[in-house]
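Report on the structure given below.
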Amino acid sequence: MQKPILTVSEVNRYIKGILDTNVILSSVIMRGEISNYKNHYSGHMYFTLKDDTSSIKSVMFKSACVNLKFEPRDGMKVIVQGRVSVFERDGNYQMYIDDMQPDGIGSLHLAFEQLKARLELEGLFDSTRKIKIPSVPNAIGIVTSPTGAAVKDMLNVLSRRFYNIKVVVFPVQVQGEGSSQQIASAIDTFNKLKNVDVIIVGRGGGSIEELWAFNEEIVARSISRSKIPIISAVGHETDYTISDFVADLRAPTPSAAAELAVLNKSDIQAMLDNLFFRLKMAVQAEIEQKKSKLERQLLSSSFKYPLDSIYKYRLELDLFNKGILKDIGHQIDNKCQLFKQLVAKLNALSPLNILQRGYCISKDGYRIIKSVSQVNIGDKVQLQYFDGYADCTIVNIDKGELS
Amino acid sequence: MTINVTFEEAMSELEEIVLKLENGNLSLDESIELFQRGIELSKICSKKLDDAERKITILTQNKDGSFDETPFLDEGE
(Lines give C-alpha, C1' and ligand atoms only; values in the text may rest on other atoms or scores of the structure.)
Protein backbone atom coordinates (compact mmCIF):
# COMPACT_ATOMS: atom_id res chain seq x y z
CA MET A 1 0.00 0.00 0.00
CA GLN A 2 1.26 3.47 -0.72
CA LYS A 3 2.22 5.72 2.22
CA PRO A 4 -0.36 8.49 2.68
CA ILE A 5 0.82 11.96 1.77
CA LEU A 6 0.36 14.21 4.80
CA THR A 7 0.20 17.96 5.09
CA VAL A 8 2.61 19.89 7.23
CA SER A 9 -0.15 20.71 9.70
CA GLU A 10 -1.06 17.06 9.97
CA VAL A 11 2.53 16.09 10.69
CA ASN A 12 2.88 18.81 13.32
CA ARG A 13 -0.41 17.86 14.92
CA TYR A 14 0.66 14.26 15.05
CA ILE A 15 3.92 15.10 16.76
CA LYS A 16 2.04 17.22 19.25
CA GLY A 17 -0.23 14.31 19.97
CA ILE A 18 2.72 12.03 20.64
CA LEU A 19 4.35 14.49 23.00
CA ASP A 20 1.17 15.42 24.81
CA THR A 21 0.32 11.86 25.59
CA ASN A 22 3.81 10.83 26.50
CA VAL A 23 4.01 9.94 30.14
CA ILE A 24 7.33 11.58 30.72
CA LEU A 25 7.03 14.65 28.55
CA SER A 26 3.53 15.59 29.58
CA SER A 27 4.68 16.24 33.10
CA VAL A 28 8.36 16.83 33.49
CA ILE A 29 10.69 18.45 35.97
CA MET A 30 13.79 19.83 34.35
CA ARG A 31 16.90 21.64 35.44
CA GLY A 32 18.71 24.16 33.25
CA GLU A 33 20.22 27.59 32.87
CA ILE A 34 18.25 30.55 31.54
CA SER A 35 19.47 32.37 28.47
CA ASN A 36 17.99 34.74 25.88
CA TYR A 37 15.49 35.81 28.47
CA LYS A 38 12.76 38.08 27.16
CA ASN A 39 9.92 39.38 29.23
CA HIS A 40 7.31 40.18 26.67
CA TYR A 41 5.04 43.15 27.22
CA SER A 42 2.16 40.73 27.21
CA GLY A 43 3.47 39.38 30.52
CA HIS A 44 4.59 36.04 29.07
CA MET A 45 8.21 35.06 29.52
CA TYR A 46 10.21 33.59 26.64
CA PHE A 47 13.68 32.17 27.10
CA THR A 48 15.94 29.25 26.39
CA LEU A 49 16.91 26.66 28.94
CA LYS A 50 20.25 25.06 28.35
CA ASP A 51 22.86 22.81 29.81
CA ASP A 52 26.41 22.13 28.68
CA THR A 53 25.50 20.54 25.39
CA SER A 54 21.89 21.33 24.46
CA SER A 55 19.12 23.81 24.78
CA ILE A 56 15.35 23.91 24.54
CA LYS A 57 13.03 26.82 23.91
CA SER A 58 10.78 27.66 26.83
CA VAL A 59 7.79 29.77 27.61
CA MET A 60 6.13 30.68 30.89
CA PHE A 61 2.76 32.31 30.52
CA LYS A 62 1.67 35.32 32.55
CA SER A 63 -0.79 33.27 34.58
CA ALA A 64 2.04 31.10 35.87
CA CYS A 65 4.45 34.06 36.35
CA VAL A 66 2.16 35.75 38.83
CA ASN A 67 3.18 33.31 41.53
CA LEU A 68 6.87 33.77 40.96
CA LYS A 69 8.52 35.31 44.00
CA PHE A 70 11.72 36.19 42.22
CA GLU A 71 12.75 37.63 38.89
CA PRO A 72 14.39 35.25 36.44
CA ARG A 73 17.55 36.40 34.70
CA ASP A 74 19.98 35.14 32.13
CA GLY A 75 22.52 32.82 33.66
CA MET A 76 20.23 31.83 36.53
CA LYS A 77 20.09 28.13 37.21
CA VAL A 78 16.53 26.96 37.73
CA ILE A 79 14.39 23.92 38.18
CA VAL A 80 11.20 24.10 36.15
CA GLN A 81 8.05 22.08 36.18
CA GLY A 82 5.80 21.76 33.14
CA ARG A 83 5.36 19.83 29.86
CA VAL A 84 7.07 19.56 26.54
CA SER A 85 4.74 20.20 23.66
CA VAL A 86 4.65 21.48 20.12
CA PHE A 87 3.86 24.91 18.81
CA GLU A 88 2.09 23.60 15.78
CA ARG A 89 2.25 26.69 13.64
CA ASP A 90 6.03 26.87 13.63
CA GLY A 91 6.75 23.19 14.08
CA ASN A 92 8.76 23.90 17.21
CA TYR A 93 8.71 21.92 20.33
CA GLN A 94 9.20 23.80 23.55
CA MET A 95 8.93 23.60 27.26
CA TYR A 96 5.72 25.06 28.65
CA ILE A 97 6.56 26.00 32.24
CA ASP A 98 4.03 26.04 35.07
CA ASP A 99 6.40 26.62 37.94
CA MET A 100 9.99 27.73 38.36
CA GLN A 101 12.31 27.56 41.32
CA PRO A 102 15.88 28.72 41.60
CA ASP A 103 18.20 25.76 41.56
CA GLY A 104 20.47 25.58 44.62
CA ILE A 105 18.81 28.23 46.72
CA GLY A 106 15.16 28.57 47.66
CA SER A 107 13.03 31.09 45.79
CA LEU A 108 12.21 32.80 48.99
CA HIS A 109 15.86 33.16 49.78
CA LEU A 110 16.50 34.48 46.36
CA ALA A 111 13.68 36.96 46.63
CA PHE A 112 15.09 38.03 49.96
CA GLU A 113 18.53 38.59 48.48
CA GLN A 114 17.13 40.50 45.53
CA LEU A 115 14.94 42.82 47.61
CA LYS A 116 17.72 43.35 50.14
CA ALA A 117 20.15 44.32 47.39
CA ARG A 118 17.64 46.64 45.76
CA LEU A 119 16.64 48.45 48.95
CA GLU A 120 20.23 48.70 50.10
CA LEU A 121 21.10 50.39 46.82
CA GLU A 122 18.29 52.86 47.39
CA GLY A 123 19.84 53.67 50.74
CA LEU A 124 17.02 52.43 52.95
CA PHE A 125 19.47 50.66 55.25
CA ASP A 126 21.78 53.69 55.70
CA SER A 127 22.67 54.33 59.33
CA THR A 128 22.26 58.06 58.71
CA ARG A 129 18.56 57.51 58.17
CA LYS A 130 18.04 55.86 61.51
CA ILE A 131 16.11 57.77 64.16
CA LYS A 132 17.24 57.69 67.77
CA ILE A 133 15.07 55.72 70.16
CA PRO A 134 13.92 57.89 73.09
CA SER A 135 15.08 56.51 76.41
CA VAL A 136 11.91 57.48 78.22
CA PRO A 137 9.10 57.40 75.68
CA ASN A 138 5.70 58.83 76.55
CA ALA A 139 4.02 55.80 75.01
CA ILE A 140 5.14 52.63 73.25
CA GLY A 141 3.29 51.16 70.27
CA ILE A 142 3.46 47.45 69.48
CA VAL A 143 2.49 45.99 66.09
CA THR A 144 2.05 42.27 66.57
CA SER A 145 -0.40 39.48 66.99
CA PRO A 146 -2.66 40.15 69.99
CA THR A 147 -2.50 36.49 70.90
CA GLY A 148 0.71 34.56 71.04
CA ALA A 149 3.65 34.55 73.39
CA ALA A 150 5.46 37.50 71.86
CA VAL A 151 3.06 40.18 73.01
CA LYS A 152 2.83 38.70 76.52
CA ASP A 153 6.63 38.62 76.81
CA MET A 154 6.92 42.20 75.69
CA LEU A 155 4.27 43.45 78.10
CA ASN A 156 5.96 41.59 80.95
CA VAL A 157 9.34 43.08 80.22
CA LEU A 158 7.91 46.57 79.88
CA SER A 159 6.04 46.30 83.15
CA ARG A 160 9.12 45.07 84.90
CA ARG A 161 11.35 47.85 83.70
CA PHE A 162 8.91 50.71 83.87
CA TYR A 163 5.68 49.79 85.49
CA ASN A 164 3.74 52.87 84.62
CA ILE A 165 4.64 53.28 80.97
CA LYS A 166 1.79 53.57 78.48
CA VAL A 167 1.51 50.86 75.80
CA VAL A 168 -0.74 50.76 72.74
CA VAL A 169 -1.09 47.45 70.91
CA PHE A 170 -2.07 47.42 67.23
CA PRO A 171 -3.30 43.89 66.51
CA VAL A 172 -2.29 42.41 63.15
CA GLN A 173 -1.90 39.08 61.45
CA VAL A 174 1.77 38.29 61.42
CA GLN A 175 1.69 35.62 58.70
CA GLY A 176 -0.43 34.54 55.81
CA GLU A 177 -2.52 36.34 53.28
CA GLY A 178 -2.75 40.08 53.78
CA SER A 179 -0.43 40.12 56.80
CA SER A 180 2.18 42.35 55.20
CA GLN A 181 -0.51 44.87 54.24
CA GLN A 182 -1.84 44.87 57.79
CA ILE A 183 1.60 45.39 59.28
CA ALA A 184 2.38 48.25 56.90
CA SER A 185 -0.99 49.82 57.56
CA ALA A 186 -0.49 49.58 61.34
CA ILE A 187 2.80 51.46 61.12
CA ASP A 188 1.21 54.12 58.91
CA THR A 189 -1.71 54.49 61.33
CA PHE A 190 0.55 55.04 64.32
CA ASN A 191 2.33 57.71 62.29
CA LYS A 192 -0.97 59.38 61.51
CA LEU A 193 -2.33 59.22 65.08
CA LYS A 194 1.03 60.18 66.57
CA ASN A 195 -0.03 58.62 69.86
CA VAL A 196 3.23 56.80 70.52
CA ASP A 197 6.85 57.79 70.23
CA VAL A 198 8.42 54.43 69.56
CA ILE A 199 7.03 51.36 67.78
CA ILE A 200 7.99 47.74 68.21
CA VAL A 201 7.18 45.60 65.18
CA GLY A 202 7.57 41.90 65.59
CA ARG A 203 6.50 38.36 66.21
CA GLY A 204 7.78 35.15 67.68
CA GLY A 205 9.93 32.56 65.91
CA GLY A 206 9.00 30.60 62.80
CA SER A 207 10.13 29.33 59.39
CA ILE A 208 11.14 31.66 56.57
CA GLU A 209 7.65 31.29 55.12
CA GLU A 210 6.03 32.20 58.43
CA LEU A 211 8.27 35.23 58.87
CA TRP A 212 7.87 36.18 55.23
CA ALA A 213 5.54 39.15 55.80
CA PHE A 214 8.46 41.02 57.40
CA ASN A 215 10.49 40.54 54.22
CA GLU A 216 7.91 42.11 51.99
CA GLU A 217 8.61 45.41 50.27
CA ILE A 218 5.38 47.03 51.49
CA VAL A 219 6.44 46.56 55.10
CA ALA A 220 9.99 47.72 54.42
CA ARG A 221 8.68 50.89 52.81
CA SER A 222 6.33 51.76 55.66
CA ILE A 223 9.12 51.23 58.19
CA SER A 224 11.39 53.45 56.14
CA ARG A 225 8.69 56.14 55.85
CA SER A 226 7.90 56.13 59.54
CA LYS A 227 8.79 59.31 61.40
CA ILE A 228 8.39 57.43 64.67
CA PRO A 229 11.44 55.27 65.43
CA ILE A 230 10.89 51.55 64.92
CA ILE A 231 12.43 48.59 66.69
CA SER A 232 12.06 45.38 64.73
CA ALA A 233 11.82 42.14 66.64
CA VAL A 234 11.14 39.22 64.34
CA GLY A 235 11.69 35.65 65.36
CA HIS A 236 14.85 34.46 67.05
CA GLU A 237 18.39 35.81 67.33
CA THR A 238 19.47 34.15 64.10
CA ASP A 239 16.50 35.32 62.04
CA TYR A 240 17.24 38.33 59.92
CA THR A 241 14.47 39.89 57.90
CA ILE A 242 14.39 42.92 55.62
CA SER A 243 12.48 44.74 58.35
CA ASP A 244 15.48 44.27 60.62
CA PHE A 245 17.71 46.10 58.15
CA VAL A 246 15.34 48.98 57.52
CA ALA A 247 14.29 49.50 61.13
CA ASP A 248 15.97 52.10 63.34
CA LEU A 249 17.01 49.37 65.72
CA ARG A 250 16.99 45.59 65.56
CA ALA A 251 16.20 43.46 68.55
CA PRO A 252 17.11 39.78 68.45
CA THR A 253 13.82 38.83 70.13
CA PRO A 254 10.56 40.54 71.10
CA SER A 255 11.55 40.57 74.78
CA ALA A 256 14.84 42.20 73.90
CA ALA A 257 12.89 44.80 71.95
CA ALA A 258 10.91 45.71 75.05
CA GLU A 259 14.17 46.16 76.94
CA LEU A 260 15.54 48.40 74.22
CA ALA A 261 12.36 50.42 74.05
CA VAL A 262 12.66 51.84 77.51
CA LEU A 263 15.35 52.19 80.10
CA ASN A 264 14.90 50.61 83.45
CA LYS A 265 12.96 53.06 85.57
CA SER A 266 15.05 52.62 88.69
CA ASP A 267 18.20 53.25 86.66
CA ILE A 268 16.78 56.49 85.33
CA GLN A 269 15.55 57.52 88.75
CA ALA A 270 19.04 56.90 90.13
CA MET A 271 20.59 59.00 87.36
CA LEU A 272 18.15 61.81 88.06
CA ASP A 273 18.75 61.65 91.81
CA ASN A 274 22.47 61.75 91.23
CA LEU A 275 22.20 64.83 89.03
CA PHE A 276 19.98 66.56 91.55
CA PHE A 277 22.48 65.80 94.30
CA ARG A 278 25.36 67.12 92.25
CA LEU A 279 23.31 70.22 91.45
CA LYS A 280 22.79 71.02 95.11
CA MET A 281 26.39 70.24 96.01
CA ALA A 282 27.74 72.41 93.23
CA VAL A 283 25.68 75.43 94.21
CA GLN A 284 26.43 74.91 97.87
CA ALA A 285 30.13 74.79 97.16
CA GLU A 286 29.81 77.91 95.07
CA ILE A 287 28.02 79.76 97.86
CA GLU A 288 30.50 78.62 100.51
CA GLN A 289 33.35 79.82 98.37
CA LYS A 290 31.82 83.22 97.80
CA LYS A 291 30.93 83.45 101.48
CA SER A 292 34.45 82.84 102.72
CA LYS A 293 35.75 85.27 100.16
CA LEU A 294 33.42 87.88 101.56
CA GLU A 295 34.45 87.12 105.11
CA ARG A 296 38.07 87.46 104.26
CA GLN A 297 37.34 90.87 102.85
CA LEU A 298 35.52 91.87 105.99
CA LEU A 299 38.46 90.77 108.13
CA SER A 300 41.02 92.60 106.10
CA SER A 301 42.53 95.66 107.72
CA SER A 302 41.37 98.01 105.06
CA PHE A 303 37.83 97.06 105.98
CA LYS A 304 38.22 97.21 109.72
CA TYR A 305 40.23 100.39 109.82
CA PRO A 306 39.01 102.25 106.82
CA LEU A 307 40.33 105.55 108.19
CA ASP A 308 43.85 104.19 108.33
CA SER A 309 44.69 105.31 104.92
CA ILE A 310 43.31 108.70 105.67
CA TYR A 311 45.42 108.90 108.78
CA LYS A 312 48.42 107.88 106.78
CA TYR A 313 47.84 110.63 104.32
CA ARG A 314 47.13 113.07 107.09
CA LEU A 315 50.45 112.20 108.68
CA GLU A 316 52.27 112.65 105.48
CA LEU A 317 50.60 115.94 104.94
CA ASP A 318 51.53 117.10 108.41
CA LEU A 319 55.12 116.14 107.97
CA PHE A 320 55.15 117.88 104.69
CA ASN A 321 53.64 120.95 106.21
CA LYS A 322 56.17 120.92 109.04
CA GLY A 323 58.93 120.64 106.56
CA ILE A 324 57.68 123.60 104.67
CA LEU A 325 57.25 125.67 107.78
CA LYS A 326 60.73 124.85 108.93
CA ASP A 327 62.12 125.90 105.65
CA ILE A 328 60.25 129.12 105.63
CA GLY A 329 61.20 129.69 109.22
CA HIS A 330 64.82 129.38 108.29
CA GLN A 331 64.43 131.69 105.42
CA ILE A 332 62.67 134.25 107.52
CA ASP A 333 65.39 133.99 110.17
CA ASN A 334 68.00 134.49 107.57
CA LYS A 335 66.28 137.51 106.19
CA CYS A 336 65.84 138.87 109.68
CA GLN A 337 69.51 138.48 110.32
CA LEU A 338 70.29 140.23 107.11
CA PHE A 339 67.88 142.96 107.98
CA LYS A 340 69.36 143.44 111.40
CA GLN A 341 72.78 143.60 109.90
CA LEU A 342 71.67 146.19 107.46
CA VAL A 343 69.97 148.21 110.13
CA ALA A 344 73.14 148.11 112.20
CA LYS A 345 75.14 149.20 109.23
CA LEU A 346 72.64 151.88 108.52
CA ASN A 347 72.78 152.97 112.08
CA ALA A 348 76.48 153.13 111.99
CA LEU A 349 76.34 155.28 108.95
CA SER A 350 73.55 157.44 110.28
CA PRO A 351 74.54 161.09 110.76
CA LEU A 352 72.42 161.16 113.88
CA ASN A 353 74.78 158.67 115.38
CA ILE A 354 77.68 160.78 114.48
CA LEU A 355 75.97 163.86 115.86
CA GLN A 356 75.36 162.03 119.11
CA ARG A 357 79.04 161.42 119.42
CA GLY A 358 79.77 165.13 119.60
CA TYR A 359 80.20 166.07 116.05
CA CYS A 360 78.03 168.75 114.61
CA ILE A 361 77.22 169.92 111.18
CA SER A 362 77.97 173.54 110.42
CA LYS A 363 75.80 175.13 107.78
CA ASP A 364 75.87 178.45 106.11
CA GLY A 365 72.30 178.67 105.03
CA TYR A 366 71.83 175.45 103.16
CA ARG A 367 75.53 175.00 102.39
CA ILE A 368 77.31 172.57 104.65
CA ILE A 369 80.65 173.91 105.72
CA LYS A 370 83.30 171.29 105.45
CA SER A 371 86.42 173.33 105.53
CA VAL A 372 87.65 176.36 107.58
CA SER A 373 88.57 178.08 104.40
CA GLN A 374 84.92 178.36 103.56
CA VAL A 375 84.32 180.85 106.38
CA ASN A 376 85.42 184.28 107.42
CA ILE A 377 85.45 186.07 110.65
CA GLY A 378 82.11 187.56 111.34
CA ASP A 379 80.16 185.01 109.26
CA LYS A 380 76.86 183.76 110.67
CA VAL A 381 76.99 179.97 110.91
CA GLN A 382 74.35 177.48 112.03
CA LEU A 383 75.50 174.57 114.13
CA GLN A 384 73.35 171.44 113.81
CA TYR A 385 73.29 169.18 116.87
CA PHE A 386 71.36 165.84 117.03
CA ASP A 387 68.71 167.51 119.10
CA GLY A 388 68.54 170.97 117.58
CA TYR A 389 70.57 173.79 116.15
CA ALA A 390 72.36 176.97 117.35
CA ASP A 391 73.17 180.15 115.51
CA CYS A 392 76.83 181.31 115.82
CA THR A 393 79.22 184.01 114.64
CA ILE A 394 82.76 183.19 113.68
CA VAL A 395 85.18 185.11 115.97
CA ASN A 396 88.47 183.50 115.18
CA ILE A 397 89.92 181.33 112.41
CA ASP A 398 92.89 179.11 112.88
CA LYS A 399 94.12 177.12 109.89
CA GLY A 400 95.83 173.87 110.70
CA GLU A 401 94.84 170.22 110.06
CA LEU A 402 94.02 167.91 112.76
CA SER A 403 96.66 165.27 112.84
CA MET B 1 0.56 64.34 73.80
CA THR B 2 1.36 67.92 74.63
CA ILE B 3 4.72 67.70 76.32
CA ASN B 4 7.00 70.55 75.38
CA VAL B 5 10.35 69.00 76.13
CA THR B 6 11.29 65.36 75.98
CA PHE B 7 12.76 63.56 78.94
CA GLU B 8 16.02 63.27 77.02
CA GLU B 9 16.23 67.00 76.42
CA ALA B 10 15.46 67.82 80.03
CA MET B 11 18.03 65.36 81.41
CA SER B 12 20.62 66.54 78.96
CA GLU B 13 20.11 70.19 79.86
CA LEU B 14 20.24 69.33 83.54
CA GLU B 15 23.54 67.55 83.06
CA GLU B 16 24.93 70.58 81.24
CA ILE B 17 23.91 72.86 84.08
CA VAL B 18 25.47 70.61 86.71
CA LEU B 19 28.75 70.53 84.79
CA LYS B 20 28.77 74.31 84.43
CA LEU B 21 28.21 74.78 88.14
CA GLU B 22 30.82 72.21 89.08
CA ASN B 23 33.38 73.97 86.94
CA GLY B 24 32.93 77.18 88.89
CA ASN B 25 34.00 80.50 87.35
CA LEU B 26 30.44 81.78 87.39
CA SER B 27 29.13 84.90 89.01
CA LEU B 28 26.79 84.41 91.94
CA ASP B 29 23.85 85.68 89.88
CA GLU B 30 24.52 83.20 87.09
CA SER B 31 24.90 80.37 89.58
CA ILE B 32 21.58 81.11 91.19
CA GLU B 33 19.87 81.37 87.83
CA LEU B 34 21.27 78.05 86.63
CA PHE B 35 20.39 76.43 89.92
CA GLN B 36 16.78 77.49 89.59
CA ARG B 37 16.60 76.15 86.04
CA GLY B 38 18.19 72.93 87.27
CA ILE B 39 15.55 72.48 89.95
CA GLU B 40 12.87 73.14 87.36
CA LEU B 41 14.28 70.51 84.99
CA SER B 42 14.66 68.05 87.81
CA LYS B 43 10.99 68.48 88.62
CA ILE B 44 10.00 67.99 84.98
CA CYS B 45 11.98 64.74 84.76
CA SER B 46 10.58 63.41 88.01
CA LYS B 47 7.10 64.22 86.86
CA LYS B 48 7.57 62.31 83.61
CA LEU B 49 8.82 59.30 85.48
CA ASP B 50 6.01 59.21 87.97
CA ASP B 51 3.11 60.68 86.14
CA ALA B 52 2.73 58.14 83.37
CA GLU B 53 -0.45 56.35 83.92
CA ARG B 54 -0.06 52.63 83.60
CA LYS B 55 -2.22 51.87 80.63
CA ILE B 56 -2.04 49.03 78.17
CA THR B 57 -4.51 49.56 75.38
CA ILE B 58 -5.39 47.95 72.10
CA LEU B 59 -6.27 49.91 68.97
CA THR B 60 -9.46 49.03 67.23
CA GLN B 61 -10.80 50.55 64.04
CA ASN B 62 -14.36 51.74 63.86
CA LYS B 63 -16.63 51.40 60.88
CA ASP B 64 -16.02 54.98 59.91
CA GLY B 65 -12.29 54.36 59.78
CA SER B 66 -11.40 56.15 63.00
CA PHE B 67 -9.49 54.45 65.77
CA ASP B 68 -10.23 53.84 69.42
CA GLU B 69 -8.06 52.71 72.29
CA THR B 70 -9.60 50.14 74.56
CA PRO B 71 -8.02 48.37 77.51
CA PHE B 72 -5.98 45.38 76.50
CA LEU B 73 -7.06 42.26 78.26
CA ASP B 74 -4.57 39.45 78.30
CA GLU B 75 -5.90 36.09 77.20
CA GLY B 76 -5.05 34.59 80.52
CA GLU B 77 -6.62 37.35 82.65
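Here is the naming used below: chain letters follow the sequence lines, and residue numbers restart at 1 for every chain.
Contact annotation for Thr70(B): neither backbone nor side-chain heavy atoms come within less than 4.5 Å of a heavy atom of chain A. Of the atoms belonging to Ile142(A), not a single heavy atom falls under 4.5 Å from chain B. In this structure, chain A has heavy atoms under 4.5 Å from both the backbone and the side chain of Glu15(B). With a threshold of 4.5 angstrom between heavy atoms, Lys192(A) does not approach chain B through any atom at all. Both the backbone and the side chain of Leu28(B) come within contact range of chain A, with heavy atoms under 4.5 Å apart.
Here Val18(B) is the residue among Leu19(B), Leu26(B), Val18(B) with the most heavy-atom pairs under 4.5 Å with chain A. Between chain A and the residues Leu41(B), Ile39(B), Thr60(B), the most heavy-atom pairs under 4.5 angstrom are made by Ile39(B).
For the pair Ile183(A) and Val201(A), the minimum side-chain heavy-atom distance is below 4.5 Å.
Minimum interatomic distance between Ala261(A) and Ile140(A) (heavy atoms only, all atoms of both residues): CB-CD1, 4.0 Å. Across all non-hydrogen atoms, the minimal contact from Ala251(A) to Ile231(A) is CB-CG2, 4.0 Å.
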Let's go through Ile200(A) and Val143(A) carefully: what are the C-alpha distance in whole Å and the side-chain angles of both, what is the deciding distance for side-chain contact (heavy atoms from CB on, under 4.5 Å) to 0.1 Å, and is it a yes or a no?
CA-CA 6 Å; Ile200(A) 300 176; Val143(A) 176; over 6 Å; no
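Residue-environment remark: CD (Gln269(A)) exceeds the threshold of 12 foreign heavy atoms within 6.0 Å.
Looking only at atom types and distance, the side chain of Asn191(A) has a donor-acceptor partner in the side chain of Ser226(A) under 3.5 Å away.
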